Amino acid sequence: MTPEIAILIVNYNAGDDLRQALASGASECAGYEWEAVVVDNASTDGSASHVAEFAPNTKLVRNTVNAGFGRAVNQAAAATTAPLLLIMNPDCHLAAGAVATLR
């Protein structure tokens, strides 16, 4: 599967917000070939474990140190072949029609 859309999320101790962001992305991307790439910046709260709930459409990149947002979002972009990239913070939720507008 080559995804058309990739949701890129940088996570650092985002707790349940990360799961909610991924759920929002999964709902909004229904009907499209998509994936989410989450780069975890050495979280200690277990939030990265939420990524597995959305398999097989998700990838998790784990950093052993907090690499910062810029470096981590570039890691996420490098981990996908999707031509359309949607960068989301883990505390965001997509509005209805957001992905259709991006497309």
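Keep in mind the model is a prediction, meaning the values are calculated, not measured.
The line from OH of Tyr32 to CG of Asn57 is 14.5 Å long, rounded to the nearest 0.5 Å. With rounding to the nearest 0.5 Å, the separation of OG1 in Thr81 from CD in Glu35 is 6.0 Å. Between atom CD1 of residue Ile5 and atom CD of residue Glu28 there is a gap of 9.0 Å, rounded to the nearest 0.5 Å. How far CG of Asp45 is from CG of Asn13: 4.0 Å, rounded to the nearest 0.5 Å. Considering SG of Cys29 and CG of Leu86, their distance stands at 7.0 Å, rounded to 0.5 Å.
Remark: of the listed residues Asp17, Asn89, Asp40, Asp40 is the sole one forming a side-chain hydrogen bond (donor to acceptor under 3.5 Å, both in side chains) with Asn11. With respect to Val61, the side chain to side chain contact (heavy atoms under 4.5 Å, CB included) criterion is satisfied by exactly one of Val39, Asn41, Val10: Val39.
The two residues His93 and Asp91 make their nearest non-hydrogen contact at CD2-O, 4.1 Å. Contact detail for Glu33 and Thr2: the closest heavy-atom pair is CB-O, 3.9 Å. In this structure, Ser47 and Ala14 approach most closely via the heavy-atom pair OG-N, 3.6 Å. In terms of heavy-atom proximity, Glu4 sits nearest to Pro83 at O-CD, 3.4 Å.
With a 4.5 Å cut-off on side-chain heavy atoms, Leu85 and Thr80 count as touching. You'll find the side chain of Ile7 stays beyond 4.5 Å of the side chain of Thr58, heavy atoms only. Under the 4.5 Å side-chain criterion, counting only non-hydrogen atoms from C-beta, Tyr12 is not in contact with Asn63. Residues Val37 and Gln75 are not in side-chain contact: their nearest non-hydrogen atoms beyond the backbone lie 4.5 Å or more apart.
Residues Leu60 and Ile87 do not share a hydrophobic cluster, defined by chaining ILVMFWY side chains whose heavy atoms lie under 4.5 Å apart. At a threshold of 4.5 Å between side-chain heavy atoms, the hydrophobic network of Ile, Leu, Val, Met, Phe, Trp and Tyr places Leu8 and Leu84 in two separate groups.
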